[in-house]
Structure formats: structure tokens, C-alpha cells
Student: 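One structure follows; several queries about it will come next.
Side-chain atoms are counted along with the backbone in the values below, which use heavy atoms only and exclude waters and symmetry mates.
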Amino acid sequence: MKTCVLVAALVFLAPTLCLAGDYVIGEGDVLEVHVWGEDELNSTVTVRPDGKISMPGVDDVQAAGYTLLELKKLLKERISTLIKDPILNISLVRSVNSRVFVVGGGVEPRVFDMPQRTTLLRILASLGSLARADLNKAYVYRDGKKVMSDFAGLFYKGEFDKDIRLEPGDTIFMPVKYDQNVYVVGAVNQPKAILYQDGLTVLDALLQAGEFSKYANEDEVVIVRTVGDKKERIPVRTKDLLKKGDLKQNVQLQAGDYIIAKESFF
């Protein structure tokens, strides 16, 4: 849980990664055109379904597909036929073409408007709890194909090189994590399945399972974790944790983990 909060804080405190000039205009967007000293040319226009805009004194101009800076240059050339050296500014009043969609059973469906380009991590950090989402199987879908899969390393481990810039129309698929339990088995008093919650540790799970049985070997505890198609084994020296206060042994658990306490033969 602390890791997630830290990630979110870093994401929102970080400088903006993009400029409004990067925004690509689309049909339905509303633009404001201001020409300095020429009030009759000032106008608020909507990009039509054909991708064009109309304004006083200027024939239809293609706007969709251009950035704001590109359209500004184009309009300046057109208006230059009317007045000498025009000074103009174009701003985005309302965007309807820059949406990113979040779907899947792991989170509540959301639609994000992006007046500026943003990144996958910024969207993930704004979704709230992702405890029900299987980040290992999540992906970004764009133009008929997956462009990025497996968000776990990015979100939980800070592998920022895996972050990608989102494009208008992207769909982020967040499947539900079907196995939301942690399992404690072997030489414990009450082998059981425990509902996973953020911040759950191996010691928490062992205490809920009634601690070790009298036959347990406290130095033979292992966490078995599924990572992709592989099984990862994490040894835990619980004797050092319980008797020496070695907190490095108090491993943070993930949903689907198996804690196996082995029996001693002596």
C-alpha cells in the first residue's frame, strides 16, 4: 500500500511530460481563435465532422489531424491575405477527441479526457485501489493490437522505462484478479485461505493460520508465487523474524501466494 501511495505521489508531483502544442485536433473539438487588434476575426469554432473549421474572412480550413501550433501557422498564412503580419492565438476550449478508455473487471470503467498527452502510469495512479486488478495480464490496446502488456513492474516496482505515452482512443484493459486469496498450508495449526489485502505480510498470514504446529521447521518456510508462466520460490527464515526481529524476512505478499511451512523430521 505504501509503495502505491509513493508511486502516485511521484507521478502527480512530477513535471508535465507534454505540452498543449502536442495535442492533435479532432472532429468535435472546440477552438478559440483570437487575432490581436482585429475583433471581427475573433471567433469560437467547432471542428466539423469533415474535419474543417470556418471563421470570418477565411475559407474552410482543415483542422483535424493538425496540432494547435500547426493550425496556428496555417491560419496565419490565410489571414495574412487580409491583414499584414497578423498576431493570433489558438486555444483548445473543449476536447472530445482525446479520450482514453479504461475497461475490465479489475476496476470501475472510466473515460479520461486528455487535453494534453499523458502516460500510462499517470492514469494507473488515478484509478484508486488496484487490489482487484490483475496487472500481470493487463494491456493497452491501440489500432487493433496490444502495444504494452503487464503493468506490474511499472506500477509496483518502479520500472519507469516501461511507461508509455498514451494516444487518443487507447483502451486500457484491466482484468479482474480471480485468485484474491493467500494460502497457508503445511505445518501450521489452521491451514487456510486468507483474503488478500494491501500490505499483507507473511507474519500476518501465519498468525491468522494459528502459528506453527509443534512439528514445524521454522527455517523451512517458502512462499511460492506465480509470475507470468513461472513459479518463483521465496525462502523465509521465520525464526530470525520472530526471535531476532529481522524484518527483512517479513515479506510482503501478493494475491495467489502459497506459504508452505515444512515439517521437521527431528
Student: Between D163 and F160 (side chain of the first, backbone of the second, donor and acceptor by atom type, cut-off under 3.5 Å), is there such a pair?
Tutor: no
Student: Is the shortest side-chain heavy-atom distance between I90 and L75 below 4.5 Å?
Tutor: yes
Student: Please answer whether the main-chain N or O of T201 pairs with a side-chain N or O of D204 as donor and acceptor at a distance below 3.5 Å.
Tutor: yes
Student: Counting C-beta onward and ignoring hydrogens, is there a side-chain heavy-atom pair between L120 and V140 closer than 4.5 Å?
Tutor: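 Yes, close enough: below the 4.5 Å cut-off.
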Student: Would you say that L166 contacts T119 through its side chain, given a criterion of any heavy-atom pair below 4.5 Å between the two side chains?
Tutor: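 Counting from C-beta outward, L166 and T119 never come under 4.5 Å.
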Student: Is the shortest distance from a Lys or Arg side-chain nitrogen in D50 or K52 to a carboxylate oxygen in the other one below 4.0 Å?
Tutor: no
Student: Is the number of heavy atoms from other residues, nucleotides or ligands within 6.0 Å of NZ (K192) greater than 12?
Tutor: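 It does: K192 NZ has more than 12 such atoms within range.
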Student: Nearest 0.5 angstrom please: R165 CZ to T118 OG1, how far?
Tutor: 10.0 Å
Student: Taking all heavy atoms of I234 and all of R225, pick out the closest pair and write down the distance.
Tutor: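 The pair with the smallest heavy-atom distance is CD1-NH1, 3.7 Å.
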Student: Under the 3.5 angstrom rule, does the side chain of D170 hit a backbone N or O of I172 as a donor-acceptor pair?
Tutor: no
Student: Nearest 0.5 Å, what's the NZ-CE distance between K162 and M148?
Tutor: 7.0 Å
Student: Would you say that more than 12 heavy atoms from the other residues, nucleotides or ligands in this model lie under 6.0 Å from the CD of E108, or not?
Tutor: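 Count not over threshold, so no.
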Student: Taking Q249 for its side chain and L241 for its backbone only, find out whether a donor-acceptor pair lies under 3.5 Å.
Tutor: no
Student: Once rounded to the nearest 0.5 Å, what's the spacing between atom OG1 of T44 and atom CD1 of I53?
Tutor: 11.0 Å
Student: Could you tell me whether a side-chain N or O of N42 sits under 3.5 Å from a main-chain N or O of V35, the two making a donor and an acceptor?
Tutor: yes
Student: Please say whether more than 12 non-hydrogen atoms of neighbouring residues, nucleotides or ligands are located less than 6.0 Å from CG in D143.
Tutor: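 Result for CG/D143: open.
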Student: Which atoms form the tightest heavy-atom contact between D60 and S54, and what is the distance?
Tutor: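 Of all heavy-atom pairs spanning D60 and S54, the closest is OD1-OG, 2.5 Å.
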Student: Can you tell me if N250 uses its side chain to pair, donor with acceptor, with the backbone of L247 under 3.5 Å?
Tutor: no
Student: Testing the basics here: between F101 and V111, what is the closest heavy-atom pair and its distance to 0.1 Å?
Tutor: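 Here F101 and V111 meet closest at CD2-CG2, 3.8 Å.
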Student: Quick one: pull up CG in L121 and CD in E159 and give me the separation to the nearest 0.5 Å.
Tutor: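 Answer for the CG-CD pair, L121 versus E159, is 11.5 Å.
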Student: Identify the heavy atoms of E27 and A64 that sit nearest to each other, and give their distance.
Tutor: OE2-CB, 3.8 Å
Student: Start with the C-alpha distance between V184 and Q208, add both sets of side-chain angles, then the distance that settles side chain to side chain contact (heavy atoms under 4.5 Å, CB included), and finish with yes or no.
Tutor: CA-CA 9 Å; V184 185; Q208 291 189 50; over 6 Å; no
Student: Check for me, please, whether L135 and F173 land in the same ILVMFWY cluster - side-chain distances under 4.5 Å, paths through other members count.
Tutor: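 No: no chain of side-chain contacts under 4.5 Å links L135 to F173.
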Student: Using side-chain heavy atoms (C-beta onward) and a distance below 4.5 Å, is I25 in contact with L71?
Tutor: yes
Student: Within the 4.5 Å heavy-atom criterion, are N181 and Y196 side-chain neighbours or not?
Tutor: no
Student: Distance-only, no hydrogens or angles: does the D134 side chain make a donor-acceptor pair with backbone N or O of K177 under 3.5 Å?
Tutor: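 Judged by distance alone, no pair lies under 3.5 Å.
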Student: Consider only side-chain heavy atoms of I, L, V, M, F, W and Y, link residues closer than 4.5 Å, and tell whether L41 and V30 are in one cluster.
Tutor: no
Student: So which heavy atom on A205 is nearest to which on I194, and how close?
Tutor: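 For A205 versus I194, the nearest heavy atoms are O-CD1, 3.5 Å.
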Student: Can you tell me if S43 uses its side chain to pair, donor with acceptor, with the backbone of V45 under 3.5 Å?
Tutor: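 Between the backbone of V45 and the side chain of S43 there is no qualifying donor-acceptor contact (under 3.5 Å).
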Student: Please round to the nearest 0.5 Å and tell me the distance separating atom NZ of K76 and atom CD1 of I83.
Tutor: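 Between K76 NZ and I83 CD1, I get 10.5 Å after rounding to 0.5 Å.
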Student: Do V103 and M174 have side chains that get closer than 4.5 Å, going by heavy atoms?
Tutor: no
Student: For the residue pair V221 and I260, establish whether any side-chain heavy-atom pair is separated by less than 4.5 Å.
Tutor: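 No, every pair of side-chain atoms sits at 4.5 Å or beyond.
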Student: Give a yes/no verdict on a cation-pi contact between K145 and Y139, requiring under 6.0 Å between NZ or CZ and the six-membered ring centre and an angle within 45° of the axis.
Tutor: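 Not satisfied by the 6.0 Å and 45° rule.
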Student: What heavy-atom pair brings G210 and N189 nearest, and what distance separates the two atoms?
Tutor: O-ND2, 2.6 Å
Student: Applying the 4.5 Å side-chain criterion to the ILVMFWY set and letting contacts propagate, would W36 and V58 be lumped into a single cluster?
Tutor: no
Student: Using only atom types and a distance under 3.5 Å, with no angle test, would you say the side chain of R99 pairs donor to acceptor with the backbone of P168?
Tutor: no
Student: Between Q197 (side chain only) and G199 (backbone N and O only), is there a donor and an acceptor less than 3.5 Å apart?
Tutor: no
Student: Please check if V33 and I87 belong to a single hydrophobic cluster, counting links between Ile, Leu, Val, Met, Phe, Trp and Tyr side chain heavy atoms closer than 4.5 Å.
Tutor: no
Student: Using the rule that Ile, Leu, Val, Met, Phe, Trp and Tyr join whenever any side-chain heavy atoms are under 4.5 Å apart, tell me whether F151 and I164 fall into a single cluster.
Tutor: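 Looking at the clustering, I164 is in the same group as F151.
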Student: Check whether any side-chain heavy atom of I259 sits under 4.5 Å from a side-chain heavy atom of V182, and report yes or no.
Tutor: yes
Student: According to the ring-ring contact (aromatic ring centres under 6.0 Å, His included) rule, which pairs have a member within residues 46-65, sequence neighbours left out?
Tutor: none
Student: Heavy-atom count check: over 12 atoms from other residues, nucleotides or ligands less than 6.0 Å from Y66 OH?
Tutor: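 Check fails, neighbour count at 12 or below.
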Student: Report the C-alpha separation of E38 and E40 in whole Å, then their side-chain angles, then the decisive distance to 0.1 Å, and conclude whether the side chain to side chain contact (heavy atoms under 4.5 Å, CB included) test is met.
Tutor: CA-CA 6 Å; E38 303 290 340; E40 68 276 8; 2.8 Å; yes
Student: Could you go through the side chain to side chain contact (heavy atoms under 4.5 Å, CB included) check for Y258 and I223 one step at a time?
Tutor: CA-CA 6 Å; Y258 278 80; I223 299 170; over 6 Å; no
Student: Could you measure the distance from the NZ atom of K73 to the CG atom of L68? Nearest 0.5 Å is fine.
Tutor: 15.0 Å
Student: Indicate whether the side chain of T46 and that of R94 have a donor and an acceptor atom separated by less than 3.5 Å.
Tutor: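 Short answer, no.
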